Number of protein chains: 2
Amino acid sequence: MGSRNPFEPRQVTSRRGGPVKQPLSRDAIVAAALDLLTREGLEGMSLRKVAAALDTGPASLYVYVEDLQELRTLVLDRALAGVETAGTRQHDWRHRLTALLESYLTVLERSPGLAQLAMSTIAAGPNALRFIEALLGLLDEAGVDQPTAAWAVDLINLYATAIAAEQGQREPLTNPLGPLLRVIGSVSAKEFPRIHAARDELLSGEGPDRFAWAIEVLLKGILHTPRRAPGDDAPPTGSPTRRKSRRPR
Amino acid sequence: MGSRNPFEPRQVTSRRGGPVKQPLSRDAIVAAALDLLTREGLEGMSLRKVAAALDTGPASLYVYVEDLQELRTLVLDRALAGVETAGTRQHDWRHRLTALLESYLTVLERSPGLAQLAMSTIAAGPNALRFIEALLGLLDEAGVDQPTAAWAVDLINLYATAIAAEQGQREPLTNPLGPLLRVIGSVSAKEFPRIHAARDELLSGEGPDRFAWAIEVLLKGILHTPRRAPGDDAPPTGSPTRRKSRRPR
DNA sequence: ACCTGAACACCGTTCAAGT
DNA sequence: ACCTGAACACCGTTCAAGT
């Protein structure tokens with residue numbers, strides 16, 4: 001029909017009848033991928049489907065994205081933009097830490113497969129950094145010394161991610177039952193007496209209650225396990241190593 | 001050449017020049033799959049490759065195995081057979097708990113991709129149950145009450161699995177550097193002052209030291225966070241719930 | 001009952017060819 | 001420089017056909 005404007009290339013009606021086809025860009029690709037992930041899960045976020053959603057072929061994406069792994073990293077950080085790190089000034093650090101972690105969990109649970117992706121991706125984008133920065137701030141407020149806080153961030157982050165991944169895993173399944181604990185109700189008292197005896201407790205508890213309990217455990221443990229004893233400024237010279245290293249890394 | 005004996009069907013020299021081709025069986029399939037997983041990682045354990053290793057076509061496996069997901073579950077439990085749950089009588093519960101977890105970790109690290117598999121699989125086979133039974137026993141020795149121990153098992157198990165999965169993830173990568181922390185060395189002091197200040201601490205520490213510290217955190221936290229206060233036999237009627245539920249499950 | 005070849009509906013990635 | 005069709009080397013799963 002009209003002449004082509006090179007600055008707005010190929011204004012074509014989209015397949016889904018949307019207004020206009022966006023020109024390809026890294027951002028558009030990541031946005032489409034996150035949309036697919038949210039609607040169809042991790043398996044649904046293939047390069048071919050992302051390309052199809054953008055009305056192009058899979059080969060076109062390689063201009064903007066190294067490979068699938070890089071796309072996943074970008075998608076994860078884009079999703080983490082939804083994590084609330086602001087934090088109301090009103091509450092104490094404990095409330096705000098819980099709120100921060102619940103926000104993180106909510107974001108991971110909103111897109112099925114995102115938590116799985118978070119478990120298998122390095123995730124050092126700006127939004128992951130913002131999350132870590134906020135965690136460090138709250139631990140500082142809590143009175144945790146810096147070396148301890150540094151490791152604690154890792155522990156908390158890993159646990160929260162793992163919880164989300166585990167819950168995401170059993171969402172498509174049947175019941176609101178436990179994680180690796182479902183066969184447990186019918187376990188033999190002879191072979192596994194303790195599991196049998198504790199089977200009701202093993203299966204009890206809503207996810208959020210367990211999460212809140214676990215966070216309490218982590219915080220209480222962190223507050224009572226400084227990497228250096230309170231008055232111990234210099235690293236000990238005798239080096240009373242905790243345990244023998246399992247292997248060098 | 002000779003006549004075929006129906007009880008030992010198809011005695012054919014294996015592709016790899018091994019002695020004889022085993023008749024197909026669930027056990028042989030799982031063994032071949034675990035072998036592939038150990039040697040080639042999670043991607044290498046495809047149904048087609050397992051079939052090829054057994055000198056047959058992929059369709060043949062479906063006689064013994066429901067689908068890939070079931071095969072993964074079986075492979076995981078077979079691998080967990082390597083976890084040492086016996087425990088020497090000599091040491092205290094703390095030593096034995098650490099030894100148990102290190103055995104679990106060692107098994108998960110021996111086969112690259114196994115930890116990932118453990119994160120995405122329910123794993124309620126006999127060997128997973130044996131591991132849980134042992135954990136419950138040690139927590140009981142430690143004086144942890146049963147309701148607390150039940151949730152603690154889940155927390156410890158999830159953390160250990162997640163640690164292994166994270167470490168397995170960066171094994172094919174370059175350096176002995178941190179988990180989501182590598183860009184962190186060059187992070188802007190303006191944008192992320194706390195990360196910048198703590199960057200050395202964030203990157204410090206060998207994997208085993210961090211793991212030992214984390215286990216100490218978990219144990220100390222668990223010992224100090226009973227689900228019910230020590231003298232509190234009945235659940236409280238007023239139900240002072242910890243926090244509002246995020247959503248029903 | 002067990003096994004299989006062939007097909008189906010997918011993958012990620014590459015590359016020569018087009019604009 | 002950006003985009004693409006076609007191909008390559010894979011997937012899991014199904015099914016009719018063989019023994």
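Quick note on labels: first sequence line is chain A, next is B, and so on, each numbered from 1. Remember, it's a predicted structure, so these values are computed and weren't measured experimentally.
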Q | Pairing residues for A:Ala164 by the side chain to side chain contact (heavy atoms under 4.5 Å, CB included) criterion, not counting sequence neighbours | A |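 A:Ala164 satisfies side chain to side chain contact (heavy atoms under 4.5 Å, CB included) with A:Leu105, A:Leu108, A:Ala115 once adjacent residues are dropped.
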
Q.
Across nucleotides 14-19 of chain D, 5' to 3', mark each nucleotide with B, S or - according to how protein heavy atoms within less than 4.0 Å reach it.
A. BB----

Q.
For A:Arg130 and A:Thr85, which I'm curious about, is there any donor-acceptor pair between the side chains at under 3.5 Å?
A.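 On atom types as modelled, these side chains qualify, holding a pair under 3.5 Å.
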
Any sub-3.5 Å donor-acceptor pair from [X]'s side-chain atoms to [Y]'s backbone N or O?
X        : Y        : result
A:His196 : A:Val187 : yes
A:Ser103 : A:Ala99  : no
B:Ser188 : B:Glu191 : yes
A:Asp77  : A:Ala128 : yes
A:Asn127 : A:Ala79  : no

Q) For residues 60-70 of chain A, which residue pairs qualify under side chain to side chain donor-acceptor pair (under 3.5 Å), counting only residues two or more places apart or in two chains? A)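 Checked against side chain to side chain donor-acceptor pair (under 3.5 Å) - neighbours excluded - the pairs reaching residues 60-70 of chain A are A:Thr56-A:Ser60.
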
Q. Got a minute to check which stems DNA chain C is part of, using Watson-Crick or G-U wobble pairs under 3.5 Å, three or more consecutive?
A.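 Output for stems: C:4-8 with D:12-16, C:12-16 with D:4-8.
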
Q. Where along residues 41-49 of chain B does a heavy atom come under 4.0 Å from DNA chain D, residue by residue in number order?
A.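 Result for residues 41-49 of chain B: B:Ser46, B:Leu47, B:Arg48, B:Lys49, sorted by number.
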
Figure out the [atom1]/[atom2] separation between [X] and [N], and round it to whole Å.
X       : N      : atom1 : atom2 : answer
B:Leu71 : D:dT13 : CG    : C1'   : 14 Å
B:Glu70 : D:dT13 : CD    : C1'   : 15 Å
A:Ile29 : D:dC2  : CD1   : P     : 12 Å
A:Gln69 : C:dT13 : CD    : C1'   : 15 Å
A:Leu68 : C:dG12 : CG    : C1'   : 7 Å

Q | Partners passing ring-ring contact (aromatic ring centres under 6.0 Å, His included) against B:Tyr159 (at least two apart in sequence or in another chain) | A |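 Checked B:Tyr159 against ring-ring contact (aromatic ring centres under 6.0 Å, His included); zero matches.
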
(Q) Check this for me: B:Glu84, atom CD, are more than 12 non-hydrogen atoms of other residues, nucleotides or ligands nearer than 6.0 Å? (A)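 Open: at most 12 neighbouring heavy atoms sit under 6.0 Å from CD of B:Glu84.
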
Q: Heavy atoms only: give me the nearest B:Glu133-A:Arg194 pair and the separation to one decimal.
A: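 It is OE2-N, 2.8 Å.
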
Q: Give the nucleotide from the list D:dT13, D:dC2, C:dT4 with an atom nearest to the side chain of A:Tyr64.
A: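 Output: D:dC2.
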
Q: Can you tell me, in whole Å, how much space there is between the C1' of C:dA16 and that of D:dC3?
A: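 13 Å, rounded to whole Å.
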
